[in-house]
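Shown next, in structure tokens, is the structure this report addresses.
Below, chains carry the letters A, B, ... as their sequence lines are ordered, and counting in each starts from 1.
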Amino acid sequence: MIEVRGLTKEYTIVKKSPGLRGAIKGLFVRDYTVKRAVDDINFSINQGELVGYIGANGAGKSTTIKMLSGILTPSAGEVKVNGIIPYEQRKKNAQRIGAVFGQRTQLFWDIAVRESYSLLKHIYQIPDKQHKDTLDMFTEVLNLGPLLGTPVRQLSLGQKMRCELAAAFLHNPSIVYLDEPTIGLDVAVKTRIRAFIKEMNKLHQTTVLLTTHDMQDIEEICNRIIIIDEGKVLYDGSLASIKERFGQKRVIHFELELEGEFSLPDALQGKADVIAGEEEGKIGLSFSSGDVNAADVISAVLAEYRVRDLTIADPKIETIVHEIYERGV
Amino acid sequence: MRKYWELMKSQIKLDSAYSIWYWSGIVATMLRVFVIYSFWNAVYDHRVEVSNMPLNMMLTYVILAAMLSNYSAGVGYELANQVRDGNVAIELMRPYDLMHKLVALDLGMKITNSIRNTLPILILAFLFLGISLPHTWLMGLLSILSAIIGIFLGAQLDMIIGILAFWVFYIWGLRVLRNAVFLFFSGALLPISMFPEWLQTVSEFLPFQSIVYVPVAIYTGQIIGNDVYTSILLQLAWLVVVYTIIRLLWSFALRKVTIFGG
């Protein structure tokens, strides 16, 4: 379905010397540096897979998606989507894919959402009946009813994102690329969006490639993840196995009223590690959920110290990526 | 074809939504026409002819040329903006040809504009400013045909500037240059026939006079006889040439597309 071999994308960046002199110099002479945003990536994705494509900011996620959707031409390597090369047969590829770019709108800014959808109907040549049925269903699942008559510019972020998502799935594409579809949204909207993506996948076997910084998105939607960093694939496999290796590590931060040194309670010996805080009285305990659960850690500390405050930190996807990068998979 | 048609219709609907924009547009055009009218009346004070042109012929030319030159641009600006803010990404993953889509939207805008802005002002100009009718009805029809080709040609030339945005990220300077060259060589200010001989020759080798001068001069009768048909053929030839250049530039541009803003 999606085949990626040796995919590479390089950007040339103009180097500017600082200051006025640099600016004047820049008018006549320019230095270029080459940056590899995507570096020799390989993977293949089958019909109906829900793949999380994750990595830190600037890791090359969006660039990959843009090459898969035919917007960018790779510097090297090959891409095949549904058997065609997206950047060569742009229009043919476009007909069968959908996309949401979290930070851009693909709806028409000044006209009502409903009109946007009917324009999309013509652009993708969707039969009337199919368009109506799909739209009815989306209206119900994403609760678009009250939004259809409103121009896009008057929608809130959450409302807009629901509309965007519907737009991406409207022509029943076989693949949908979602580039940070939940960015900046509240929990209620996120939940609705996740449910919708899963529903579409179940109904039409839609393949979804999702980038996000929200671990919850990945956990609820994806059955496979690909982690990239600095343009290279670090990990490609099931979510379960990566969680086993890295996701189980949790940290609880305590703020204690300390008289003297902190020492690990006996109950936690061998099960948790102390991370010294920067300030007096602030310590962190890192542990693996396999060895001990959070409640036990907290009660063991409460039994011996006066605790002013505590926070439980879940492993962030960035932390996992970082850890993989430092230690390898 | 259907998609482009629908896109054009959507643009017409969209334009109808802005009434302040509409009224300020029409006031601006009226003001411009009035300034042109007063200026040429002052020039013809104590004179019957300038360069073999009587006042009413000159007024007909400059007012029609001013109206027509309103239609010479548009698409390139839109494209350049989309390249600069990165929204061209969305356009490139749609199953349409972006060049054609931009022209469709542009046409939609121009259709609304011609009905709501140009037509009423032309009627006023006929009634009160002494603009003449075409010198024959056939020439009137041919000048409309020529104007339509000119509008397409203008849009395509503008598109070249828009595509250049892929290489030159701020195209403001290019636009200023284009506007200056255009104003002069399209005949939007003065009939080309008033230029000195050598400038007329230069102009003949440029596409700009096909956009405004040719259609208006056919209307006023400054171009007559077989020259009318050769001029129209030349317009068509320019249209083909510029269109080919655009397709070439566009295919280069697509290979080096960079998307800004993530």
Side-chain angles (χ1 to χ4, degrees), chain A residues 9 11-14 37 57-58 61-63 65-75 86-112 115-116 118-125 151 164 167-168 171 173 177 179-180 183 211, chain B residues 1-22 78 81-102 104-105 108-109 112 166-170 173 247 250-262:
Chain A
K9 178 76 189 176
Y11 291 113
T12 45
I13 298 166
V14 181
N57 287 326
K61 300 179 303 259
S62 297
T63 306
I65 287 198
K66 279 168 193 151
M67 286 191 280
L68 292 179
S69 53
I71 297 167
L72 294 176
T73 310
S75 313
Y87 51 92
E88 280 178 4
Q89 288 177 283
R90 198 181 296 269
K91 280 202 282 184
K92 201 171 165 201
N93 181 56
Q95 188 67 38
R96 299 191 226 161
I97 62 163
V100 170
F101 295 108
Q103 356 170 12
R104 306 187 186 283
T105 179
Q106 58 174 319
L107 299 164
F108 301 81
W109 192 244
D110 289 306
I111 55 179
E115 304 255 356
S116 265
S118 81
L119 251 181
L120 288 176
K121 181 186 89 174
H122 293 295
I123 290 171
Y124 288 95
Q125 295 165 312
E164 295 279 348
H171 52 291
Y177 304 110
D179 195 352
E180 301 189 24
I183 194 167
T211 80
Chain B
M1 219 38 218
R2 180 79 198 277
K3 353 181 155 165
Y4 302 111
W5 176 251
E6 292 296 332
L7 282 163
M8 190 183 87
K9 276 190 354 204
S10 78
Q11 185 64 42
I12 294 177
K13 263 186 251 170
L14 186 61
D15 286 343
S16 326
Y18 293 110
S19 69
I20 295 181
W21 179 77
Y22 164 60
E78 178 72 21
N81 274 346
Q82 284 182 349
V83 172
R84 206 164 53 80
D85 64 21
N87 281 335
V88 72
I90 302 282
E91 300 286 348
L92 292 177
M93 44 148 265
R94 292 264 186 243
Y96 49 55
D97 185 300
L98 181 54
M99 299 287 98
H100 295 166
K101 180 227 175 183
L102 287 170
L105 293 190
M109 211 180 300
T112 342
F166 281 106
W167 286 272
V168 186
F169 298 119
Y170 284 90
R247 296 318 305 192
W250 184 234
S251 72
F252 282 126
L254 286 184
R255 250 171 274 160
K256 68 143 297 185
V257 171
T258 316
I259 302 299
F260 295 103

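- Contacts between B:R94 and chain A at a heavy-atom distance below 4.5 Å involve backbone atoms as well as side-chain atoms.
- Separating the CE atom in A:M67 from the NZ atom in A:K9 is a distance of 7.0 Å, to the nearest 0.5 Å.
- A search for ring-ring contact (aromatic ring centres under 6.0 Å, His included) contacts involving B:Y4 returns B:H100, not counting sequence neighbours.
- If you tally non-hydrogen atom pairs under 4.5 Å between each of A:Q125, A:H122, A:K91 and chain B, the highest count goes to A:H122.
- Ranked by heavy-atom pairs under 4.5 Å with chain B, the first of A:L120, A:T73, A:I111 is A:T73.
- If you measure heavy-atom distances from A:Q106 to chain B, the contacts under 4.5 Å come from both the backbone and the side chain.
- Annotation: side chain of A:S62 is in contact with side chain of A:K66 (closest heavy-atom distance under 4.5 Å).
- Among the candidates B:E91, B:K9, B:R255, B:K101, the residue making the largest number of heavy-atom pairs closer than 4.5 Å to chain A is B:R255.
- Contact check for B:R247 versus B:D97: side-chain heavy atoms found under the 4.5 Å cut-off.
- Side-chain contact between B:L105 and B:E78 is absent, with no heavy atoms from C-beta onward closer than 4.5 Å.
- With values rounded to the nearest 0.5 angstrom, A:H171 atom NE2 is found 7.0 Å from A:Q95 atom CD.
- Only the backbone of A:T105 comes within contact range of chain B, with heavy atoms under 4.5 Å apart.
- Residue contact with chain B, scored on non-hydrogen atoms closer than 4.5 Å, involves the backbone and the side chain of A:I123 alike.
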